[in-house]
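Please read these numbers as outputs of a predicted model, since none were measured by experiment.
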Amino acid sequence: MRAPLKVYLSFDVEIWCNGWEDLDGRFPAAFERYVYGDSREHGYALPGTLEILNRHGLKGVFFVEPLFAARFGVAHLKTIVDLLGGHDVELHLHPEWADELTPLPFPGAQVKRQHLSYYTREEQEILIRLGLDLLAQAGAGRVNAFRTGSFACNRDTLAALAACGIPCDSSLNEIHPDSGNDLRGQLDFTRPQQIGPITELPMTVFRDGTGRLRPAQVGSCSFAEMRTALEDAHRSGAQHFMVLSHNFEMLRQQRPTPDRVVVRRFEALCAYLAAHPERYQVETLDRTPTLAPDAAACPLPQAPLGATLWRHAEQLWRRVAG
């Protein structure tokens with residue numbers, strides 16, 4: 001009997017103000033949307049996500065972006081950390097916030113640079129340490145894992161993580177164009193692996209029914225694709241499966257109302273994982289995973305054509321429904 005596949009339900013938790021003009025005026029409404037959605041108690045941002053996870057007895061890995069709190073106050077970040085009580089809080093960074101902070105975190109930060117890979121190793125280390133400090137002030141426990149915004153890491157990111165004492169990373173993504181540009185051709189972005197002192201758990205990708213690579217992201221694939229990819233990964237002997245979502249992924253774009261297609265996908269995924277503990281072990285990253293030496297031998301998971309066609313039908317329905 002095969003060992004259960006370790007599944008990580010990871011969420012990038014971010015606050016965005018729909019542009020960089022009038023941040024102070026836009027922030028209160030943005031915070032409400034990205035943290036609560038349409039309701040402080042039941043809204044389909046963090047409250048809805050946590051309700052579904054808790055109802056099924058599952059733990060999430062929440063990569064929380066803290067740099068906004070250096071502009072708007074740690075109390076807002078503490079609200080997020082407190083909401084996530086009982087789940088795994090790790091570090092996420094969007095360095096676009098760096099030039100919006102007073103004082104600037106380092107000389108030269110006044111020019112907005114979107115991706116962490118655009119910063120020197122020393123600058124990356126400063127931003128990572130600032131993020132760690134803000135999370136600590138907000139009451140988060142020890143940070144053990146990291147994911148950079150837009151998956152835009154590079155070799156310097158791994159060195160900065162090691163210097164900051166973070167042993168686990170989940171910033172590599174085979175199909176994201178900004179991920180690990182100076183590491184491509186040297187590493188297999190689809191496999192968990194040890195890179196020096198860093199344990200790397202990349203974003204899981206699978207081949208959809210047309211043969212194209214697809215991320216295991218709740219908002220980007222049908223539940224049928226996710227389920228069959230999970231089944232195929234378990235059958236092939238894979239040991240780790242990284243699922244991605246966001247705090248706002250169950251909301252309709254530019255609206256606070258729920259996206260019922262994505263809500264149903266997430267509900268179905270959690271119910272499926274909870275119903276099959278013999279196959280799937282939903283894990284957190286507060287302890288660094290152990291990697292098997294033969295992990296690279298497992299083929300990429302695949303989903304059948306019917307599951308992919310169902311995704312296209314869902315997308316069409318969303319456009320028609322408005």
**Other residues, nucleotides, ligands: >12 heavy atoms within 6.0 Å of R55 CZ** = yes
**Message:** Return the OG1 to CZ distance between T204 and R214, rounded to the nearest 0.5 Å.
**Reply:** 15.0 Å
**Request:** Answer yes or no: is there an ion pair linking R26 with E21, defined by an N-O contact shorter than 4.0 Å?
**Result:** no
**Complete:** Interatomic distance, SG@C270 vs CG@L53, rounded to 0.5 Å, equals 5.0 Å
**Request:** Measure across I195 and L187 and return the closest heavy-atom pair with its distance rounded to 0.1 Å.
**Result:** CD1-CD1, 3.5 Å
**Request:** Using the rule that two of Ile, Leu, Val, Met, Phe, Trp, Tyr join whenever any of their side-chain heavy atoms come within less than 4.5 Å, decide whether F106 and L67 are in one cluster.
**Result:** yes
**Prompt:** When clusters are formed by joining ILVMFWY residues with side-chain heavy atoms under 4.5 Å apart, either directly or through shared neighbours, do F206 and F266 land in the same one?
**Reply:** no
**Item:** Salt bridge D169-R147, side-chain N to carboxylate O under 4.0 Å
**Value:** no
**Message:** Whether the H276 and E278 side chains hold a donor-acceptor pair (N or O, under 3.5 Å, no angle test) is what I'd like checked.
**Reply:** yes
**Request:** Please tell me if the side chains of H176 and S150 come closer than 4.5 Å, counting only heavy atoms from C-beta onward.
**Result:** yes
**Connected-component partners of L104 among ILVMFWY, side-chain separation under 4.5 Å** = none
**Check: F63 and S170 side chains under 4.5 Å, non-hydrogen atoms** = yes
**Complete:** OH of Y34 to CH2 of W16, rounded to nearest 0.5 Å, is 8.5 Å
**Salt-bridge present (E123, R113; N to O < 4.0 Å)** = yes
**Asked** Applying the ring-ring contact (aromatic ring centres under 6.0 Å, His included) test to F62, which of H87, H92, H246 qualifies?
**Response** H87
**Request:** Would you indicate whether R212, at its atom CZ, is surrounded by more than 12 heavy atoms from other residues, nucleotides or ligands within a distance under 6.0 Å?
**Result:** no
**Prompt:** Side-chain contact, heavy-atom cut-off 4.5 Å: V64 with L91?
**Reply:** no
**Asked** Centroid-to-centroid, W310 to W317, below 6.0 Å?
**Response** no
**Request:** Apply side chain to side chain contact (heavy atoms under 4.5 Å, CB included) to H312 and list each qualifying residue two or more places apart in sequence or on a separate chain.
**Result:** T308, Q315
**Item:** Check: S179 side chain, I175 main-chain N or O, donor-acceptor pair, under 3.5 Å
**Value:** no
**Item:** Inter- and intrachain pairs under salt bridge (Lys or Arg N to Asp or Glu O under 4.0 Å), touching residues 58-69, at least two apart
**Value:** none
**Prompt:** Is R311 paired with E225 through a side-chain N to carboxylate O contact shorter than 4.0 Å?
**Reply:** yes
**Prompt:** Are the side chains of L269 and V243 in touch, meaning some heavy atoms are under 4.5 Å apart?
**Reply:** yes
**Message:** Could you work out, with side-chain hydrogen bond (donor to acceptor under 3.5 Å, both in side chains) as the rule, every residue matching Q217, not counting sequence neighbours?
**Reply:** E249
**Asked** Between atom CG of L116 and atom OG of S171, what is the distance when rounded to the nearest 0.5 Å?
**Response** 8.0 Å
**Asked** Which atoms form the tightest heavy-atom contact between G25 and P28, and what is the distance?
**Response** O-CD, 3.7 Å
**Asked** Does a side-chain N-to-carboxylate-O contact under 4.0 Å join R191 and E200?
**Response** no
**Message:** I'd like to check P258 versus M250 (side-chain heavy atoms, cut-off strictly below 4.5 Å). Are they in contact?
**Reply:** no
**Item:** Expected output: side-chain D232 to main-chain T228 donor-acceptor under 3.5 Å
**Value:** no
**Item:** Note: R121-E125 ion pair, threshold 4.0 Å (strictly below)
**Value:** yes
**Message:** Give me the atom names and distance for the closest heavy-atom approach of L130 to P105.
**Reply:** CD2-CB, 4.4 Å
**Request:** With the side chain counted from C-beta on, respond yes when Y118 and P95 share a heavy-atom pair under 4.5 Å apart, and no when they do not.
**Result:** no
**Prompt:** Any chance the rings of Y272 and Y280 have centres within less than 6.0 Å?
**Reply:** yes
**Asked** Near Q253 CD, under 6.0 Å, is it more than 12 heavy atoms from other residues, nucleotides or ligands?
**Response** no
**Prompt:** Between W20 and W97, what is the ring plane arrangement, given parallel below 30°, perpendicular above 60°, and tilted in between?
**Reply:** perpendicular
**Asked** Short question: side chain of R207, backbone of G211 - any donor-acceptor pair under 3.5 Å?
**Response** yes
**Request:** List, by chain and number, the other hydrophobic cluster members for M203, where Ile, Leu, Val, Met, Phe, Trp and Tyr join if side-chain heavy atoms come within less than 4.5 Å, directly or indirectly.
**Result:** F151, L244
**Request:** Decide yes or no for R155 and D182: does some side-chain heavy atom of the first lie under 4.5 Å from some side-chain heavy atom of the second?
**Result:** yes
**Prompt:** F27 vs F31 aromatic rings, parallel, tilted or perpendicular, using cut-offs 30° and 60°?
**Reply:** tilted
**Prompt:** Going by atom types alone, do Q124 and N154 pair a side-chain donor with an acceptor below 3.5 Å?
**Reply:** yes
**Asked** Under 3.5 Å, is there a donor-acceptor pair linking the side chains of T190 and E174?
**Response** no
**Message:** I'd like to know if D24 pairs up with R71 as an ion pair, taking the criterion as any Lys NZ or Arg NE/NH1/NH2 lying under 4.0 Å from an Asp or Glu carboxylate oxygen.
**Reply:** yes
Below 3.5 Å, can you tabulate the donor-acceptor pairs from side chains in residues 135-142 to any protein atom, sequence neighbours excluded?
unit_1: Q137; atom_1: NE2; unit_2: D133; atom_2: OD2; d: 2.7
unit_1: R142; atom_1: NH1; unit_2: N144; atom_2: OD1; d: 2.8

**Message:** When you compare the side chain of R2 with that of R279, does any pair of heavy atoms fall below 4.5 Å?
**Reply:** no
**K6 (side chain) donor-acceptor with H240 (main chain) under 3.5 angstrom** = no
